[in-house]
Peer 1: 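Pasting in a structure now, in structure tokens, and then I'll have a few things to ask.
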There are 2 protein chains.
Amino acid sequence: MDAIHKKVGKNLQAVRKSRGLSLDQTAELTGVSKAMIGQIERGDSNPTISVLWKIVNGLKISFTSLIEESKTEVTVVETERLEAFEEEDGAYRAFPMFPYDQRKGFEIYAVRMDPGCSHESEPHNEDVEEYIVVTGGSLEVEVDGETYAIGAGNAVRFPADQPHAYRNNTDQVTSYITLIHYPS
Amino acid sequence: MDAIHKKVGKNLQAVRKSRGLSLDQTAELTGVSKAMIGQIERGDSNPTISVLWKIVNGLKISFTSLIEESKTEVTVVETERLEAFEEEDGAYRAFPMFPYDQRKGFEIYAVRMDPGCSHESEPHNEDVEEYIVVTGGSLEVEVDGETYAIGAGNAVRFPADQPHAYRNNTDQVTSYITLIHYPS
DNA sequence: TACGAATGTATAATATATTGTACGAAGCGA
DNA sequence: TCGCTTCGTACAATATATTATACATTCGTA
């Protein structure tokens, strides 16, 4: 699922078969060897971009159609099964629930912060926005010198192209969901 | 210009420099070696799709942003300098003025047909359309058993997912522009 | 049944993508 | 100027992408 070249292989084979083309015919149309096309379809090879370019142009299809997920599938994620990025000696734990997807332009983490934990984040690039929904405990967010207290069930959004910090001043674990949106 | 990997290199370098990143930092972010990133930027290497995928995800950019032309440039095409696809012993000559561009989804040819020339075209795939503007002489187009006579200055459009034929029954050279549109 | 054509796969040879390391150039304080 | 760092490039070693060829299977046909 995550291996891009396998996705490309599936998509390519889908296009080829939907047109009733053989490997030989496809090789003729694209200028890429039959063996290579077969390997790409099976996921046995990691095509260079030049080869993909030839295929795309020979078949008169878009580049995107090869790298796109054929359909958006149901994806169930269990936080406990994810491997967290830990910071602050494990007191700050970020679980990548939906990793960055360049077609969507955002990523979603579930974060847990132990009592007393404080975490500073490097500024992101311009026009990057962060959305936070606190799901448990209470969170202090500091942006541009201002501090905002967000209780469970509440949310905040802020431009993340500047240094910002998260603090859990309570005596219980605070959890929140954060969505980071990158400009297209 | 036409070499895809050089375009990718330019775009990648543009992104990296606009963020003030060094090769080392980019390597750190993407998990791709510094040497490789340098080679890609210079066009010395033809990256595999997996490597591009890592870069795209590490930098939080879209795949498309790497393969797109940074800006649409002015492109002047002189038909006489183009190499024609010849058929019917050279009596049918097709000049690729604007070759297939998957982002646009179409391609444009200039065609010259000698007097008496007749040319049959294989059916294209479903939902492919052909637009023809006759610029000189007169053209007979046969689609689905029907024949249409198109004089200079006139045009025709038809679905090209069936056999179709072109004929020049006049005693002079007929020329026309044809645009072939492929579905997305 | 046998044959020929067409399919997708396996194999070996070659080209090249990818990496780790080392190098020279350019900035920057002391 | 000297060191120190950071930058991008050059190099050699290795992994692997790509090709041409040969192979096994299937299918239609005589």
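The analysis underlying the following values was restricted to heavy atoms, covering all of them including side chains, and did not include hydrogens, waters or symmetry mates. We name chains A, B, ... by the order of the sequence lines, and we start the count at 1 in each one.
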Peer 1: What salt bridge (Lys or Arg N to Asp or Glu O under 4.0 Å) pairs are there with at least one residue in residues 162-184 of chain B, not counting sequence neighbours?
Peer 2: B/Glu140-B/Arg167, B/Glu142-B/Arg167

Peer 1: Send over the distance from A/Glu41 CD to D/dA17 P, rounded to a whole Å.
Peer 2: 16 Å

Peer 1: Which ILVMFWY residues can you reach from B/Val173 by hopping between side chains whose heavy atoms are under 4.5 Å apart?
Peer 2: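 Traced through the cluster, B/Val173 reaches no other member.
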
Peer 1: It should be established whether B/Ser22 places a side-chain nitrogen or oxygen under 4.0 Å from OP1 or OP2 of nucleotide D/dC7.
Peer 2: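 True: B/Ser22 side-chain N/O within range (under 4.0 Å) of D/dC7 OP1/OP2.
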
Peer 1: Listing request: all salt bridge (Lys or Arg N to Asp or Glu O under 4.0 Å) pairs with a residue in residues 36-60 of chain B, at least two apart in sequence or in separate chains.
Peer 2: A/Glu107-B/Lys60, B/Arg16-B/Glu41, B/Arg42-B/Asp44

Peer 1: Using a 4.0 Å cut-off to any heavy atom of chain A, which nucleotides of DNA chain C are the first and last in contact, reading 5' to 3'?
Peer 2: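 From 5' to 3', the first and last contacting nucleotides are C/dT7 to C/dA17.
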
Peer 1: Can you pull out the residues from residues 27-35 of chain B that lie within a 4.0 Å heavy-atom distance of DNA chain D?
Peer 2: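 Listed by number, they are B/Lys34, B/Ala35.
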
Peer 1: Over how many whole Å does the gap from A/Ile37 atom CD1 to D/dT19 atom P extend?
Peer 2: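 Atom-to-atom, A/Ile37 to D/dT19, this comes out as 9 Å.
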
Peer 1: Side-chain heavy atoms under 4.5 Å apart, restricted to Ile/Leu/Val/Met/Phe/Trp/Tyr: what other residues fall into the cluster of B/Tyr148, or is it alone?
Peer 2: B/Phe85, B/Tyr92, B/Tyr100, B/Tyr109, B/Val111, B/Met113, B/Val128, B/Ile132, B/Val134, B/Leu139, B/Val141, B/Val143, B/Ile150, B/Val156, B/Phe158, B/Tyr166, B/Tyr176, B/Ile180, B/Tyr182

Peer 1: If you assign each of A/Arg42 and B/Val51 to its closest nucleotide in DNA chain C, which residue comes earlier from the 5' end?
Peer 2: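 It is A/Arg42, whose closest nucleotide lies nearer the 5' terminus.
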
Peer 1: Would you check if the side chain of A/Asn168 reaches a backbone N or O of A/Gln172 as a donor-acceptor pair within less than 3.5 Å?
Peer 2: yes

Peer 1: Inspect the contact between A/Arg112 and A/Glu88 and indicate whether a charged nitrogen and a carboxylate oxygen are less than 4.0 angstrom apart.
Peer 2: no

